[in-house]
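These notes concern the structure reproduced below.
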Amino acid sequence: MSAAAVILETCRGVKPAGCPHGAPLPADALATLAHLAETAPVPEALAELARPMRRHEQFRLAVSACPNGCVRPQVADLGLVATRSVAVDATACVGCNVCAETCPDAAITLRHGQAVIDADACLGCGLCARVCPVRAIAAGPVGFQAFLGGRLGRRPRLGIAVGNMLTPEAACTLAERATAAHARHMRPGLRFGDILCPDGRPGLPAWVLS
Ligand code: SF4
Ligand code: SF4
Ligand code: SF4
């Protein structure tokens, strides 16, 4: 007996006009992830059992189109979070302070009448670029933060951050490698995070890092 080996959960913002906060995914990246979820094989050690895969044995791939993380990517087996780098054009900024008042993370201050973004505090949501009345803030292309091995349940754990500003292609490659590792190594009763870090030990397998 079997159940889907990979569950793809996407927030509504991954599609154009799905959510005002979202940075939509390129259609081909979305199609790649959907294909991965549809075709992922049930791990051999689980396919032989006289029961469907349990929920925690399935691989949950969660994709959020902004750092609000509505599909809980930080506690997924693989979570992808779309972000955008932002930059202020000092020659265009008129010092109105709208961006600083809007930023949810207090990452913008006005210095000498110019908006300045604190890169360490910025989460890359792109909101400031949308509200600037003179379009003085440019948002770069969508990149992905990636989290591996997160979980809820009896021993909850946030996923390990394994990438920042990954291109959509690199994010899809990581998803292919992670689901392939799930198919190869998953055993009854385990969670993907147990495979990634046996006994909770830190360190990541080579397929993540290559
Ligand atoms: S994660 Fe962001 S883009 Fe996705 S539904 Fe939530 S608020 Fe909208
Ligand atoms: S991208 Fe988001 S977090 Fe970063 S400065 Fe703009 S509004 Fe703030
Ligand atoms: S909203 Fe635009 S014009 Fe106003 S302070 Fe921010 S960057 Fe400058």
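Given the structure is predicted, the values throughout are model-derived calculations rather than measurements. Whatever order the structure lists them in is the order used to number ligands and atoms, beginning at 1.
- Cys96 SG, 2.3 Å is the protein heavy atom nearest to atom 4 (Fe) of ligand 3.
- Using a 4.0 Å cut-off between a side-chain N of Lys or Arg and a carboxylate O of Asp or Glu, Arg51 and Glu57 qualify as a salt bridge.
- The protein atom (non-hydrogen) at minimum distance from atom 6 (Fe) of ligand 2 is Cys128 SG, 2.3 Å.
- For atom 2 (Fe) of ligand 3, the closest non-hydrogen atom on the protein side is Cys132 SG, 2.3 Å.
- Within ligand 3, counting atoms from 1 as listed, the ones closer than 4.0 Å to a heavy atom of Val134 are 3 (S).
- Comment: Arg60 engages Glu9 in a salt bridge, judged by a side-chain N to carboxylate O separation of less than 4.0 angstrom.
- Formation of a donor-acceptor pair under 3.5 Å by the Glu48 side chain with backbone atoms of Ala45 is not found in this model.
- Listed by number with element, the atoms of ligand 3 under 4.0 angstrom from any heavy atom of Ile137 are 7 (S).
- Distances from atom 6 (Fe) of ligand 3 show that Cys99 has an N/O/S atom below 2.8 Å.
- Taking the six-membered ring for Trp and thresholds of 30 and 60 degrees, Phe192 and Phe59 have ring planes more than 60 degrees apart, a perpendicular arrangement.
- Ligand 3 lies within reach of Pro133, whose nearest heavy atom is under 4.0 Å from it.
- Scanning the protein for heavy atoms near atom 8 (Fe) of ligand 3, the closest one is Cys93 SG, 2.3 Å.
- Around CD of Glu176, the count of heavy atoms belonging to other residues, nucleotides or ligands within 6.0 Å exceeds 12.
- Using a 4.5 Å heavy-atom threshold, the side chains of Leu46 and Pro188 count as touching.
- Between Gln145 and Leu80, every side-chain heavy-atom pair lies at or beyond the 4.5 Å cut-off.
- Between the Asn68 side chain and the Cys70 main chain, no donor and acceptor come within less than 3.5 Å of each other.
- Atoms of ligand 3 lying under 4.0 Å from any heavy atom of Val94, numbered from 1 in the order shown and given with element: 3 (S), 8 (Fe).
- The protein atom (non-hydrogen) at minimum distance from atom 1 (S) of ligand 2 is Gly126 N, 3.2 Å.
- Side chain of Arg151 to main chain of Arg155: a donor-acceptor pair is present (N/O by atom type, distance under 3.5 Å, no hydrogens or angles).
- With contacts defined as side-chain heavy-atom distances shorter than 4.5 Å, the pair Asp118/Ile108 does not qualify.
- Here Thr102 has no heavy atoms under 4.0 Å from ligand 2, in either its backbone or its side chain.
- Between the side chain of Arg191 and the backbone N or O of His56 there is no donor-acceptor pair closer than 3.5 Å.
- A donor-acceptor pair under 3.5 Å is formed between the side chain of Arg84 and the backbone N or O of Gly140.
- Excluding waters, the protein N/O/S atoms found under 2.8 Å from atom 6 (Fe) of ligand 1 are Cys70 SG.
- Taking all heavy atoms of Leu123, Thr83, Ile108 into account, the minimum distance to atom 3 (S) of ligand 2 is reached by Leu123.
- The atoms of ligand 2 that sit less than 4.0 Å from any heavy atom of Asp105 are 3 (S).
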